[in-house]
Enquirer: 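Take a look at the following structure, please.
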Amino acid sequence: MKNEYQFDDVTLLITHYNRSQSLEQLLKSFTELNCRFGDIVVSDDGSKPEHLEYLGTLKEKYNFRLITTPQNKGLGNNINKGQDAVKTPLTLYVQEDFTPASVFPASFTDALAIMHRRPELDVVRFYAYFEYPYLKNPENGYYDMDFKIWKPGYRKFYAYSDHPHLRRSNFFGRFGRYAEGEKGDVTEYRMMMSFLKNRGKAMFYKDFQGLFFQKNSESEPSTMKRNVWRESDQLILTGMRHLYRHLKFNFDYLT
């Protein structure tokens, strides 16, 4: 018999835009893992009518609260209005194109225990594209992220990310609201800087792609568009990008 996991003090907050089948897969996966949350909030960013219609069907099946907007207002607004609707002390934030692994519920239980025991923690991160370079104090696969401005490299600045994470629902009171009217990567960058400047404390799961899988199907590809400068692997552009980030991150943090 599978274990039952009841997370009454956690709201599952999902941001959604034109990817209702991906959302269905995410919700179905949590149900199959026997994960129950105190509440589920789906914040939609002005999806097309056919996706909104399907959201209505999913709402009846998975019993979530749907927060909508008449037009697309960007990632910042979508997270803000979703977080505003949360009533529980903790928020599990996940974008709709992620799916939890079978080991997630047990590991999430460990993360919750850490958050309850350590009130100074603001965030526990579950997914990343690379391992955070400065980790310490391991506990059940989670490590403190040890940001110090004098440590070498610019990857130390990536203490916050919009990838799946657990956070306290008073997050806005500590770090402000997400920037609205900006591209998604700018919104994320500004929150990252706010998190660092306000001395946010986070933990990082070292097997950083072992708890969630990011799935971009052909029928519902990623809606995030990035420019050539950010994505190119050409040697010269890569070197220029690393230098630019090193200078910009340090400047923005210190000013």
Side-chain angles (χ1 to χ4, degrees), residues 5-8 10-88 90-105 107-108 125-129 161-167 169 171 178 180 183-185 187-188 209-226:
Y5 298 93
Q6 186 72 37
F7 306 120
D8 290 328
V10 179
T11 292
L12 172 61
L13 170 60
I14 307 169
T15 48
H16 172 267
Y17 178 60
N18 287 338
R19 305 184 72 184
S20 53
Q21 292 180 20
S22 299
L23 173 64
E24 181 178 25
Q25 176 60 40
L26 172 59
L27 293 168
K28 180 181 177 183
S29 296
F30 276 125
T31 299
E32 290 175 344
L33 292 174
N34 290 321
C35 288
R36 306 288 185 270
F37 299 95
D39 196 6
I40 302 175
V41 171
V42 174
S43 185
D44 179 74
D45 194 19
S47 291
K48 294 177 180 179
E50 59 267 29
H51 289 283
L52 287 175
E53 182 178 354
Y54 198 55
L55 287 183
T57 301
L58 296 178
K59 184 174 181 289
E60 294 298 319
K61 183 175 182 179
Y62 292 103
N63 192 31
F64 57 78
R65 288 191 290 136
L66 178 61
I67 312 298
T68 60
T69 183
Q71 63 186 41
N72 181 283
K73 295 183 178 180
L75 178 64
N77 176 267
N78 205 23
I79 304 177
N80 284 339
K81 66 183 175 63
Q83 189 65 61
D84 286 342
V86 172
K87 301 175 182 177
T88 57
L90 296 167
T91 302
L92 171 59
Y93 172 64
V94 185
Q95 293 179 342
E96 86 278 82
D97 58 340
F98 284 89
T99 301
S102 60
V103 296
F104 173 77
S107 186
F108 185 66
R125 293 182 52 188
F126 303 121
Y127 186 93
Y129 290 144
S161 168
D162 288 345
H163 287 143
H165 62 267
L166 174 68
R167 65 188 182 209
S169 298
F171 190 83
Y178 289 84
E180 300 191 16
K183 292 183 178 180
D185 52 358
T187 294
E188 184 177 19
Q209 293 187 358
L211 296 180
F212 278 94
F213 307 111
Q214 189 170 24
K215 296 187 175 182
N216 294 310
S217 67
E218 291 184 5
S219 60
E220 293 190 342
S222 174
T223 57
M224 179 70 78
K225 304 299 181 184
R226 302 188 185 276

Enquirer: Do the side chain of Gln209 and the main chain of Tyr127 share a donor and acceptor less than 3.5 angstrom apart?
Expert: no

Enquirer: Just by modelled atom types, is the Ile67 backbone N or O under 3.5 Å from a matching donor or acceptor in the Lys81 side chain?
Expert: yes

Enquirer: Quiz question: by atom type and distance under 3.5 Å, do the side chains of Ser29 and Gln25 form a donor-acceptor pair?
Expert: yes

Enquirer: Looking at Asn78 and Lys73, would you say the former's side chain and the latter's main chain have a donor-acceptor pair under 3.5 Å?
Expert: no

Enquirer: Return the OG1 to OH distance between Thr31 and Tyr62, rounded to the nearest 0.5 Å.
Expert: 5.0 Å

Enquirer: If you apply the rule salt bridge (charged side-chain N to carboxylate O under 4.0 Å, His left out), what do you find for Asp39 with Lys87, and how did you get there?
Expert: CA-CA 8 Å; Asp39 196 6; Lys87 301 175 182 177; over 6 Å; no

Enquirer: Using every non-hydrogen atom in the two residues, find where Leu66 and Thr68 come nearest and quote the distance to one decimal.
Expert: CG-CG2, 3.6 Å

Enquirer: So Val103 and Leu211, do their side chains get closer than 4.5 Å, heavy atoms only?
Expert: yes

Enquirer: For Phe108 and Leu166, run side chain to side chain contact (heavy atoms under 4.5 Å, CB included): C-alpha distance rounded to whole Å, both residues' side-chain angles, the deciding distance at 0.1 Å, then the answer.
Expert: CA-CA 9 Å; Phe108 185 66; Leu166 174 68; 4.0 Å; yes

Enquirer: Return the minimal non-hydrogen interatomic distance between Ser20 and Leu55, and the atom names on each side.
Expert: CB-CD2, 4.4 Å

Enquirer: Please report the interatomic distance CG(Asn63) to CZ(Arg36), rounded to the nearest 0.5 Å.
Expert: 11.0 Å

Enquirer: Determine whether more than 12 heavy atoms belonging to other residues, nucleotides or ligands lie under 6.0 Å from atom CD of Glu53.
Expert: no

Enquirer: Measure the CG-CD distance between Leu26 and Gln21 for me, rounded to the nearest 0.5 Å.
Expert: 14.0 Å

Enquirer: Would you check if the side chain of Glu96 reaches a backbone N or O of Tyr17 as a donor-acceptor pair within less than 3.5 Å?
Expert: yes

Enquirer: Compute the ring centroids of Phe30 and Phe37, then answer whether they are less than 6.0 Å apart.
Expert: yes

Enquirer: Could you state the interatomic distance from CG (Leu90) to CG (Asp8), rounded to the nearest 0.5 Å?
Expert: 11.5 Å

Enquirer: What's the shortest heavy-atom distance between Lys48 and Asn18, and which atoms?
Expert: N-OD1, 2.7 Å

Enquirer: Within a strict 4.5 Å, meaning less than it, do heavy atoms of the Phe212 and Val94 side chains meet?
Expert: yes

Enquirer: Looking only at heavy atoms, what is the nearest atom pair of Ser102 and Leu33, with distance?
Expert: CA-CD2, 3.7 Å

Enquirer: Using modelled atom types and a 3.5 Å cut-off, is there a donor and acceptor pairing between side-chain atoms of His51 and backbone atoms of Tyr54?
Expert: no

Enquirer: So how far is it from Ile14 CD1 to Ser43 OG, rounded to the nearest 0.5 Å?
Expert: 10.5 Å

Enquirer: Atom CD1 of Ile79 and atom CD of Gln95: how far apart are they, to the nearest 0.5 Å?
Expert: 6.5 Å

Enquirer: Between Leu13 and Thr91, what is the shortest heavy-atom contact and its length?
Expert: CB-CG2, 3.7 Å

Enquirer: Quick one: closest heavy-atom pair of Leu92 and Phe104, and the distance?
Expert: CD2-CZ, 3.9 Å

Enquirer: Could you check whether any side-chain heavy atom of Leu12 comes within less than 4.5 Å of a side-chain heavy atom of Phe7, counting everything from C-beta outward?
Expert: no

Enquirer: Would the distance check show the side chain of Asp45 and the main-chain N or O of Asn72 forming a donor-acceptor pair, the cut-off being under 3.5 Å?
Expert: no

Enquirer: Between Tyr93 and His165, how do the two ring planes meet: parallel, tilted or perpendicular, split at 30° and 60°?
Expert: tilted

